[in-house]
Amino acid sequence: MVTPDLSVNIAGMHFKNPVTTASGTFGYGDEFLDFMDLGRLGGIFVKAVTGKNRDGNGYPRMAETASGMLNSVGLQNKGVDHFCHEIYPRIRDFNTHIIVNVSGSTIEEYVAVAERINELEKIPAIELNISCPNVKYGGMAFGTIPSMATEVTAEVRKVYKKVLMVKLSPNVTSITDLAKAAVDGGADVITLINTLLGMAIDAERRRPILSTITGGLSGPAIKPVALRMVWQVHKAVSVPIIGLGGIMNATDAIEFILAGASAIQVGTANFVDPVASVKIAEGIEAYMKRHKIEAMTSLIGALRTE
Amino acid sequence: MVTPDLSVNIAGMHFKNPVTTASGTFGYGDEFLDFMDLGRLGGIFVKAVTGKNRDGNGYPRMAETASGMLNSVGLQNKGVDHFCHEIYPRIRDFNTHIIVNVSGSTIEEYVAVAERINELEKIPAIELNISCPNVKYGGMAFGTIPSMATEVTAEVRKVYKKVLMVKLSPNVTSITDLAKAAVDGGADVITLINTLLGMAIDAERRRPILSTITGGLSGPAIKPVALRMVWQVHKAVSVPIIGLGGIMNATDAIEFILAGASAIQVGTANFVDPVASVKIAEGIEAYMKRHKIEAMTSLIGALRTE
Amino acid sequence: MHFTKQVQDLRVISYSRLNPRHFVLELLAPDPLPVILPGQFAQVLVEDSPSTFLRRPFSIHAVDVAKNTFRLLIQIKGEGTRHLSRLHVGDSLNVLYPLGNTFTLPTTKEVLLVGGGCGVAPLLILAQFLNQNKVHPTILVGFRTKEEVSEIEEYAKYGKVLITTDDGSEGEKGLVVDHSIFNRESLEFKKIYCCGPDAMMKAVAKIARLHRVDCEVSLENTMACGFGVCLCCITPTDKGNERVCVEGPVFNINRLKW
Amino acid sequence: MHFTKQVQDLRVISYSRLNPRHFVLELLAPDPLPVILPGQFAQVLVEDSPSTFLRRPFSIHAVDVAKNTFRLLIQIKGEGTRHLSRLHVGDSLNVLYPLGNTFTLPTTKEVLLVGGGCGVAPLLILAQFLNQNKVHPTILVGFRTKEEVSEIEEYAKYGKVLITTDDGSEGEKGLVVDHSIFNRESLEFKKIYCCGPDAMMKAVAKIARLHRVDCEVSLENTMACGFGVCLCCITPTDKGNERVCVEGPVFNINRLKW
Ligand SMILES: Cc1cc2nc3c(=O)[nH]c(=O)nc-3n(C[C@H](O)[C@H](O)[C@H](O)COP(=O)(O)OP(=O)(O)OC[C@H]3O[C@@H](n4cnc5c(N)ncnc54)[C@H](O)[C@@H]3O)c2cc1C
Ligand SMILES: Cc1cc2nc3c(=O)[nH]c(=O)nc-3n(C[C@H](O)[C@H](O)[C@H](O)COP(=O)(O)OP(=O)(O)OC[C@H]3O[C@@H](n4cnc5c(N)ncnc54)[C@H](O)[C@@H]3O)c2cc1C
Ligand SMILES: Cc1cc2nc3c(=O)[nH]c(=O)nc-3n(C[C@H](O)[C@H](O)[C@H](O)COP(=O)(O)O)c2cc1C
Ligand SMILES: Cc1cc2nc3c(=O)[nH]c(=O)nc-3n(C[C@H](O)[C@H](O)[C@H](O)COP(=O)(O)O)c2cc1C
Ligand code: FES
Ligand code: FES
């Protein structure tokens with residue numbers, strides 16, 4: 001048969017394949033140059049950029065859990081100025097989409113960062129991270145209140161002229177309410193999920209393992225929750241979805257696509273195997289060949305539930 | 001040293017140790033008689049009892065996931081009449097607390113079941129299951145709306161005279177709001193967590209694995225989320241907490257106790273090892289000896305966070 | 001003689017690879033075996049496998065009371081069975097057994113056993129048991145191809161063996177239901193016991209109904225516990241949703257909604 | 001000569017159990033080894049372990065360019081290291097290496113290496129490297145007890161070896177910092193390299209500061225990736241929060257907030 005067409009179109013952007021990498025798990029991409037040709041990926045979501053330098057949280061920031069890990073990095077980054085001047089020139093010419101994950105503590109901060117990233121010619125989209133469990137607004141994580149999600153999206157929408165993706169938190173009663181709220185605010189794409197809020201304890205020392213006590217759970221442990229949310233949101237909104245949460249291999253990726261994701265992100269898997277993302281792209285191609293599927297697009301949301 | 005005292009007092013009930021078994025994972029207890037002396041457990045939470053016979057959901061009802069499983073049993077049981085006449089006489093004389101998990105689709109059903117169980121002399125408590133992801137009220141799971149949680153608890157409180165436990169769903173934005181709501185309604189004890197709502201897909205057949213598409217996630221995968229919720233609720237309410245979610249061994253159990261649980265439930269672990277609960281009780285005793293802890297009670301909520 | 005369920009560490013005392021997809025483990029119990037009846041199964045813990053969280057169910061293939069051992073015939077399907085295929089003699093395996101109900105004794109001597117794939121597993125212990133009760137069954141076993149045909153000498157000890165292979169490389173060509181014994185006006189058997197893939201068992205059940213012959217099948221199902229507490233393994237019967245691990249795995253086809 | 005990081009299946013070509021808690025693996029690379037410098041480490045994938053999800057970091061203990069191998073010295077701590085301790089010669093191991101920065105060359109010949117427990121691991125390759133640069137260090141290694149004292153002949157190839165044991169069963173009694181070389185008015189070394197438990201390194205750092213001697217330590221940390229992308233392994237330095245896996249594991253104590 002002909003080589004399957006893995007490309008997908010997401011809000012007008014052409015992705016050569018649906019495999020991208022998750023923010024905070026892939027650095028700025030250049031750390032992976034020893035291992036792979038970045039041009040084999042559909043895109044790269046670089047780590048969170050905030051208005052100013054952030055030191056992040058104290059040590060320890062990581063705890064291993066059953067089929068997963070907790071982190072409490074806390075958006076450590078050198079701020080948007082540093083990103084524009086030091087990082088952007090270094091990564092702008094990678095042969096794949098570079099998408100910036102935009103974070104903040106206030107609406108003003110989100111808007112200010114988005115406005116700066118809007119000027120960067122080679123960045124076709126931003127992903128608004130309203131879901132970091134370590135950033136609070138009035139005691140609640142930003143992305144858990146629909147009206148707040150609409151507001152921050154709408155404010156960013158005013159200044160950001162390219163593709164606006166909004167990344168949702170799974171720590172909510174109704175993920176569809178949040179997705180609709182983001183779409184109401186002008187989101188072109190919904191990314192989900194960010195980490196589940198969790199905790200780990202060292203029973204011997206009788207202490208929490210993370211310096212922040214709680215942190216974000218990622219990895220295969222959360223895949224069933226992530227898949228469920230992608231499926232629910234796919235039925236509730238009509239914008240494209242980028243799905244992630246525990247994807248370790250091509251089979252996992254295909255599950256997300258069947259549930260309704262137009263593309264997927266590989267996160268924690270990058271730590272276990274730096275080449276995971278490329279292997280996943282290859283595995284999806286093999287699956288399509290085996291099942292005689294010519295176009296990736298025919299798999300999106302193609303779960304048979306009758 | 002002297003033998004450590006593992007007993008705990010929960011809302012006036014004396015438990016010989018903090019190890020109990022989770023509803024829906026331990027049948028009515030008698031299935032375990034081949035494997036253990038039930039008298040070695042603090043208590044047994046028997047499976048959900050509803051007003052009338054329920055056939056539960058269709059097949060398949062189970063999917064294995066990374067460090068966990070999904071189920072969509074859907075409260076299959078023969079109803080409260082059958083429980084009172086057929087089951088209760090069979091189990092009433094077990095040498096441990098028998099607590100009935102009460103479920104329903106309407107407030108009236110919960111009240112009716114609770115009223116019947118109230119008459120059973122050897123049942124010292126009920127656990128109100130307002131958290132089953134497969135039972136809906138106005139499109140939302142019952143236990144996700146604080147006002148509904150208060151209402152159903154308060155109505156049951158009127159007719160139920162013994163210890164009233166309320167079991168919460170983790171599929172909410174704020175677990176503390178739900179816990180407070182249940183306490184406001186008159187809950188003596190909070191049990192958490194029930195299963196996380198998840199989904200599994202068979203990529204080869206392009207179908208959901210469960211007949212119900214989504215189901216409840218349990219097992220070690222969810223432990224970090226469960227621990228976090230126990231910790232949050234422990235800080236928010238003053239009633240005792242029974243903690244569960246992914247407990248496989250004594251170390252896991254101690255983590256829940258440190259986070260604030262007065263007792264724990266062993267759930268999915270019973271499937272992997274029918275003797276898990278007894279081993280956990282033994283392991284807790286060994287831990288206390290090793291750390292020279294004389295009374296269980298001194299470990300409850302004793303996480304060091306300074 | 002005792003009937004209690006065990007959860008025990010058993011020792012692998014022999015391992016035979018029948019073909020690339022199938023192998024047989026012989027397991028030695030530390031204490032005298034409980035009574036194990038044909039149709040019962042065991043729940044095996046797969047240690048050291050990151051992706052295998054729950055136990056895996058396997059029919060008991062044969063019992064040797066003198067040696068205090070029993071055997072499992074395992075087909076490699078996914079991670080769990082692949083891990084088990086890497087066991088060595090001397091390794092230990094945590095097993096919960098015996099579980100489930102049993103095939104019932106026939107009231108006739110004209111008995112046919114039908115098995116396909118790893119569904120042949122419980123037929124050996126059943127044939128053994130029938131012999132003890134003076135019944136010499138005909139045993140029809142189906143395989144993909146000649147290379148997978150195995151243990152025929154074992155079955156032959158207890159009855160007449162008929163073979164089909166999908167490709168006709170041994171015995172008759174086709175599926176078990178294509179065998180010529182079914183291709184006659186009347187069937188020479190009064191009782192059929194069957195185990196294999198769902199589609200096969202349904203086809204055999206159809207034949208049994210057609211000829212008004214009593215038929216018991218051993219169902220597969222996705223199991224979490226294997227001893228009746230999770231209610232994950234139900235099948236609809238004339239009594240509602242019943243547990244395959246307790247009320248089954250053996251059901252008379254009359255009771256199933258087939 | 002190439003400096004690229006590798007993620008490769010390496011073959012275990014020798015396994016030596018030093019004592020019940022420690023063992024050494026020698027790993028053969030399929031392609032010519034990249035340049036490996038003292039202080040660098042490897043991230044090892046622990047397959048078939050249900051509870052070990054992330055890779056495990058180990059210092060590179062020694063390199064043999066002629067044989068195209070390197071060694072890891074591993075202390076059994078939890079599930080991951082216990083699994084690795086069960087490897088056999090011929091098994092394959094997926095390893096990501098070489099990672100991290102390196103110890104720097106000294107500007108003096110009066111060099112002391114101090115290691116405790118599995119912290120001795122990077123000192124062997126460091127001593128080897130110092131020799132190549134005409135430096136013959138004194139190597140002070142601390143163990144719990146005589147039974148754990150191991151590989152002394154290896155260290156002795158590259159310098160003078162001093163030993164402490166917690167119980168005094170070999171060498172001087174006490175912790176490494178209790179050794180008599182530290183018990184003098186002035187220290188006979190101008191540069192200290194140290195690796196071991198945090199408390200030990202802090203105690204050595206204190207001595208180094210007291211004597212105004214340059215000192216480099218190799219830090220441990222909880223790592224998820226090992227190559228700089230997760231930001232989980234940070235330590236506070238004069239430049240803010242730095243990554244132990246990239247800017248470290250080796251730090252000059254002047255840069256640490258100790
Ligand atoms: C009562 C009973 C008796 C059995 N007896 C035998 C036996 O004697 N010999 C034997 O080889 N096998 C037997 N099986 C089937 C065996 O349990 C499965 O093949 C095994 O659990 C697969 O495990 P795995 O980890 O290798 O595969 P997995 O990775 O779990 O699954 C691989 C594939 O097999 C399918 N599968 C897994 N488990 C089952 C199941 N229980 N039913 C149907 N499909 C399944 C999955 O959907 C998947 O497509 C029996 C099953 C039951 C319920
Ligand atoms: C850069 C670096 C180099 C290392 N070099 C070596 C070496 O050469 N030889 C060697 O034996 N070990 C070395 N270690 C430590 C080694 O990585 C851990 O002992 C190992 O990861 C434990 O894995 P486990 O699964 O056996 O234990 P786990 O079950 O993961 O943990 C067991 C116990 O060890 C503690 N622990 C686990 N990982 C670490 C860690 N990274 N730092 C501190 N405590 C930890 C845990 O808190 C727990 O109490 C190094 C660590 C780092 C970061
Ligand atoms: C160490 C770490 C750092 C992360 N940092 C960010 C971040 O900066 N911005 C963000 O939107 N998500 C961040 N995430 C969340 C991931 O992008 C992803 O949503 C989550 O890990 C679930 O996917 P996974 O299970 O495939 O890892 C981080 C995750 C990890 C593990
Ligand atoms: C098969 C199965 C059936 C369950 N049935 C019930 C039930 O009837 N009532 C209830 O409150 N919880 C039920 N639960 C939830 C468990 O009691 C428990 O809250 C959950 O599984 C998390 O704990 P675990 O990870 O230890 O299993 C069920 C769980 C499983 C796996
Ligand atoms: S497998 Fe649990 S009831 Fe049958
Ligand atoms: S371990 Fe990931 S940055 Fe160091």
Side-chain angles (χ1 to χ4, degrees), chain A residues 21-36 44 46-48 53-78 200 209-211 215-216 218-221 246 248 267-276 278-279, chain D residues 2-9 34-35 42-47 49-57 77-80 94-100 198 219-248 256-258:
Chain A
T21 56
S23 177
T25 69
F26 208 71
Y28 297 110
D30 44 5
E31 293 87 347
F32 286 81
L33 291 173
D34 273 0
F35 306 117
M36 65 169 85
I44 294 173
V46 300
K47 65 208 219 48
N53 175 74
R54 283 191 193 227
D55 272 347
N57 295 316
Y59 171 81
R61 289 182 173 183
M62 194 276 281
E64 199 179 27
T65 66
S67 298
M69 61 175 276
L70 289 163
N71 88 81
S72 59
V73 170
L75 303 179
Q76 178 176 343
N77 81 104
K78 295 214 162 78
I209 295 184
L210 300 176
S211 66
S218 64
M248 297 298 283
T268 304
N270 295 306
F271 306 158
V272 177
D273 182 2
V275 225
V278 169
K279 286 184 187 160
Chain D
H2 60 119
F3 287 90
T4 8
K5 296 187 195 88
Q6 310 286 324
V7 48
Q8 278 178 341
D9 286 325
V35 174
Q43 277 275 65
V44 175
L45 189 67
V46 184
E47 274 169 296
S49 164
S51 65
T52 310
F53 172 63
L54 298 165
R55 287 176 185 261
R56 294 293 188 262
K77 274 213 177 146
E79 262 321 301
N94 190 275
V95 186
L96 173 59
Y97 74 102
L99 304 171
D198 250 36
L219 299 186
E220 285 207 8
N221 207 297
T222 51
M223 296 186 172
C225 70
F227 53 100
V229 297
C230 75
L231 303 190
C232 285
C233 67
I234 50 97
T235 200
T237 71
D238 54 359
K239 293 190 189 156
N241 278 337
E242 284 191 283
R243 296 168 297 184
V244 170
C245 71
V246 174
E247 285 81 27
L256 296 172
K257 309 261 158 178
W258 277 9

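- Checking each of A:F35, A:F271, A:F26 against D:F227 for a ring pair (Phe, Tyr, Trp, His ring centres under 6.0 Å) leaves exactly one that passes, namely A:F35.
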Query - D:F53 and A:T65: CA distance, side-chain angles, deciding distance, side chain to side chain contact (heavy atoms under 4.5 Å, CB included) verdict - result: CA-CA 8 Å; D:F53 172 63; A:T65 66; over 6 Å; no
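- With a threshold of 4.5 angstrom between heavy atoms, D:S51 approaches chain A through N, CA, C or O but not through any side-chain atom.
- Of the listed residues (A:A66, A:G219, A:G58, A:S67), the one with the most heavy-atom contacts under 4.5 Å to chain D is A:S67.
- Residue contact with chain A, scored on non-hydrogen atoms closer than 4.5 Å, involves the backbone and the side chain of D:L54 alike.
- Contacts between A:F32 and chain D at a heavy-atom distance below 4.5 Å involve the side chain alone, from C-beta outward.
- Atoms CE and SG, from A:M62 and D:C233 in turn, are 9.0 Å apart once rounded to the nearest 0.5 Å.
- In this structure, A:E31 and D:G228 approach most closely via the heavy-atom pair OE2-O, 4.3 Å.
- Here the CG-CG distance, from D:N241 to A:N57, works out to 9.0 Å after rounding to the nearest 0.5 Å.
- Formation of a donor-acceptor pair under 3.5 Å by the A:D34 side chain with backbone atoms of D:K5 is found in this model.
- One distance of note links SG of D:C225 with CG of A:N270; it measures 9.5 Å at 0.5 Å rounding.
- The backbone N or O of D:L231 sits less than 3.5 Å from a side-chain atom of A:R61, completing a donor-acceptor pair.
- Within the 4.5 Å cutoff, the side chain of A:M69 has heavy atoms near those of the D:C232 side chain.
- Considering only heavy-atom pairs separated by less than 4.5 Å from chain A, the leading option among D:L96, D:I234, D:T222 is D:I234.
- Between the side chain of A:E64 and the main chain of D:T52, no donor-acceptor pair closer than 3.5 Å is present.
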Report task. Show your working on side chain to side chain contact (heavy atoms under 4.5 Å, CB included) between D:N221 and A:Y59 and close with a plain yes or no. Result -> CA-CA 9 Å; D:N221 207 297; A:Y59 171 81; 2.6 Å; yes
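- Across D:V229 and A:T25, no two heavy atoms sit closer than the pair CG2-O, 3.6 Å.
- Between A:P274 and D:V7 the shortest heavy-atom distance is CD-CG2, 4.4 Å.
- Using a 4.5 Å cut-off between heavy atoms, A:M36 does not touch chain D at all.
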